[in-house]
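Data block below; observations after.
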Amino acid sequence: MSFDVDLFVIGGGSGGVRAARVAAATGAKVALAEEFRMGGTCVIRGCVPKKLMVYASSYREIFHDASDYGWEVSAGGFDWHKFRNRLHGELDRLEGIYRSLLSNSDVTIHDARATLKDPHTVRLSTGGEITAKHILIATGGHPVKPDLENADLGITSNEIFLLEDLPKSILIIGGGYIACEFACILNGLGVEVTQFYRGAQILRGFDDEARGHIADHMVRNGVKLHVGTNLLEMRKQDDGIWVKGTDGSERIYGEVMFATGRDPNTSDLGLENTDVKIGRRGQIEVDKFSQTAQPSIYAIGDVTNRVNLTPVAIREGMAFVETVFNGTPTPVDHDLIPSAVFTQPEYGTIGLTEEEARDQEPVDIYCTSFKPMQRAFIGRDERVLMKLIVSQETDKVLGCHIVADHAGEMIQLAGVAIKMGATKAQFDQVCAVHPTMAEELVTMKTPMRSA
Ligand code: FAD
């Protein structure tokens with residue numbers, strides 16, 4: 001049977017674009033459909049604009065510290081419109097780069113929504129059908145709002161980058177990394193931030209000690225964090241959005257932002273015309289090679305809800321191409337993935353949390369918390385947290401947690417050693433780089449406790 005293309009990719013985000021390009025480089029005939037903007041969540045409304053907002057918001061502290069270091073500075077106010085224009089200019093530029101990367105790789109682009117007509121046929125919203133030997137679903141996910149009356153008054157992370165004006169105050173609902181990052185960003189930009197999280201502590205799933213450390217610093221920096229609290233009612237008023245919390249509080253906010261989770265984009269995709277199976281959270285079920293129950297259809301990235309991070313979607317895309325177009329079955333390695341939470345302070349993490357590790361085996365915890373030189377000098381009392389979780393049996397470092405400026409950069413490098421299976425003794429063999437914060441990772445001599 002002959003097909004119009006060897007591969008049809010649905011979704012022009014991190015995973016889809018990489019898979020399409022790499023597959024085309026093997027000589028395959030490839031087409032890709034994107035219904036919104038090329039680059040997907042990461043480039044258009046995720047990692048990239050968020051990190052630029054993190055940078056923008058960090059200048060307030062930098063100006064403050066600079067004057068304590070002897071500089072004469074006058075920060076003035078933050079001009080959201082100026083920043084926003086530059087931000088959108090940058091996103092347009094990046095989208096253009098993604099488009100040209102695809103066309104230079106001879107991938108045919110369809111600016112359309114694609115759905116499945118059958119296991120080998122894609123239907124385009126612009127009209128027309130395309131048959132494909134293989135179909136790759138890389139449709140990502142979308143933010144969800146709670147099922148609550150007037151929830152449409154609230155925005156999500158999708159809209160935050162598009163605000164015409166920054167509100168004077170905002171209520172952020174949620175305790176995950178996106179909620180916490182935006183609480184810190186907006187606080188840094190001068191917005192009065194309140195955060196409600198229904199659980200007992202923010203950043204569920206991360207190391208407890210790191211969670212507590214970040215929460216303390218967020219509160220100290222001005223975020224009004226209410227844990228064990230949820231939103232009960234909300235209503236539009238002339239001067240903003242009136243909100244009642246489960247703690248009995250009533251207040252009017254300029255904006256309410258829901259960061260209450262993301263669901264995979266699997267609705268109305270035509271999956272019922274295939275044997276593709278959907279899991280309980282709406283995710284596409286795949287095996288270790290990202291193949292669905294329908295042999296001609298694979299799925300990668302957030303739509304499979306495995307580890308929802310850009311570099312993971314990219315690796316899944318490349319493993320798919322190795323498996324299907326290069327004839328080398330390549331399972332995706334989801335073990336020991338380093339990641340960062342861009343709160344202020346920043347958190348870099350890899351491997352097991354203390355809680356997970358002690359459930360698995362006896363461990364030693366090497367941990368230190370100290371005032372970094374740069375801040376201590378000007379009398380600031382923020383502390384850095386460095387923590388290694390070490391197997392008592394093998395001496396292997398099972399987890400590393402860093403809460404500090406540039407923790408994301410540090411964990412990327414510590415991650416190389418940990419992924420290679422480094423032991424604590426091998427960490428200690430490495431000479432310290434002095435004076436740095438990261439030198440503590442190789443100088444912690446005695447465990448703080450065993451667990
Ligand atoms: P996406 O990038 O979401 O791309 C899917 C694309 O498919 C979209 O462009 C969509 O428009 C398109 N699409 C959907 N359905 C169809 C259809 N039927 N037809 C045609 N096109 C369709 N990850 C990190 O690693 N680091 C971070 O710091 C980070 N920060 C984030 C911050 C925020 C606010 C958010 C929301 C996410 C963040 N992420 C971060 C997660 C990261 O963005 C995702 O894991 C990544 O984008 C997933 O890539 P993907 O290819 O699976 O999907």
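Ligands are counted one by one from 1 in listed order, and the atoms in each one are counted from 1 as well. FYI, the numbering just counts along the sequence from 1.
For atom 52 (O) of ligand 1, the closest non-hydrogen atom of the protein is D302 N, 2.9 Å. Of the protein's heavy atoms, K50 NZ, 3.4 Å lies nearest to atom 27 (C) of ligand 1. Annotation: atom 13 (N) of ligand 1 to nearest protein heavy atom, E35 OE2, 3.8 Å. For atom 2 (O) of ligand 1, the closest heavy atom belonging to the protein is T41 N, 3.0 Å. Among protein heavy atoms, the minimum distance from atom 4 (O) of ligand 1 is reached at G13 CA, 3.3 Å. For atom 42 (C) of ligand 1, the closest heavy atom belonging to the protein is T310 OG1, 3.4 Å.
Residue pairs meeting the salt bridge (charged side-chain N to carboxylate O under 4.0 Å, His left out) criterion with at least one member in residues 273-299, sequence neighbours excluded: D263-R281.
Counting non-hydrogen atoms of neighbouring residues, nucleotides and ligands closer than 6.0 angstrom, the CZ atom of R306 exceeds 12 such neighbours.
Contacts between L269 and ligand 1, counted as non-hydrogen atom pairs separated by less than 4.0 Å, involve the side chain only. The backbone and the side chain of T139 each have at least one atom closer than 4.0 Å to an atom of ligand 1 (non-hydrogen atoms only). At a heavy-atom distance under 4.0 Å, atoms from both the backbone and the side chain of S14 approach ligand 1. Neither the backbone nor the side chain of A340 has a heavy atom within less than 4.0 Å of ligand 1.
Ranked by closest heavy atom to atom 6 (C) of ligand 1, the top entry among R18, E34, R123, E181 is E34. Nearest residue to atom 38 (C) of ligand 1 from Y177, F182, Y98, F36 is Y177 (criterion: closest heavy atom). Comparing G141, G140, G408 against atom 53 (O) of ligand 1, the shortest heavy-atom distance belongs to G140.
Looking at A114 next to ligand 1, an N or O pair under 3.5 Å apart turns up. The N/O atoms of G15, backbone and side chain alike, include one that comes under 3.5 Å of an N/O atom in ligand 1.
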Worked check of ring pair (Phe, Tyr, Trp, His ring centres under 6.0 Å) between F182 and Y177: CA-CA 9 Å; F182 280 103; Y177 83 91; 9.5 Å; no
Which is it for Y347 and F206 under the ring pair (Phe, Tyr, Trp, His ring centres under 6.0 Å) test, yes or no, and what are the steps along the way? CA-CA 10 Å; Y347 176 27; F206 291 98; 5.5 Å; yes
Does the ring pair (Phe, Tyr, Trp, His ring centres under 6.0 Å) test come out yes or no for F3 and H120, once each step is laid out? CA-CA 8 Å; F3 299 98; H120 287 286; 4.8 Å; yes
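Distances shorter than 4.0 angstrom do not occur between any heavy atom of S339 and any atom of ligand 1. Note on ligand 1: R262 sits in its first shell, one or more heavy atoms being nearer than 4.0 Å.
Q294 contributes atom CD, which lies 11.5 Å from atom CD1 of I284 (distance to the nearest 0.5 angstrom). Here I173 contributes atom CD1 and T194 contributes atom OG1; the two are 9.5 Å apart, rounded to the nearest 0.5 Å.
Aromatic ring pairs are classed by plane angle as parallel below 30°, tilted from 30° to 60° and perpendicular above 60°; the pair H213 and H217 is parallel. The aromatic rings of H110 and F8 sit parallel, their planes meeting at an angle under 30°, below the 60° perpendicular limit.
A cation-pi arrangement is present between R251 and Y253, with the terminal nitrogen or guanidinium carbon under 6.0 Å from the aromatic centre and inside a 45° cone about the axis.
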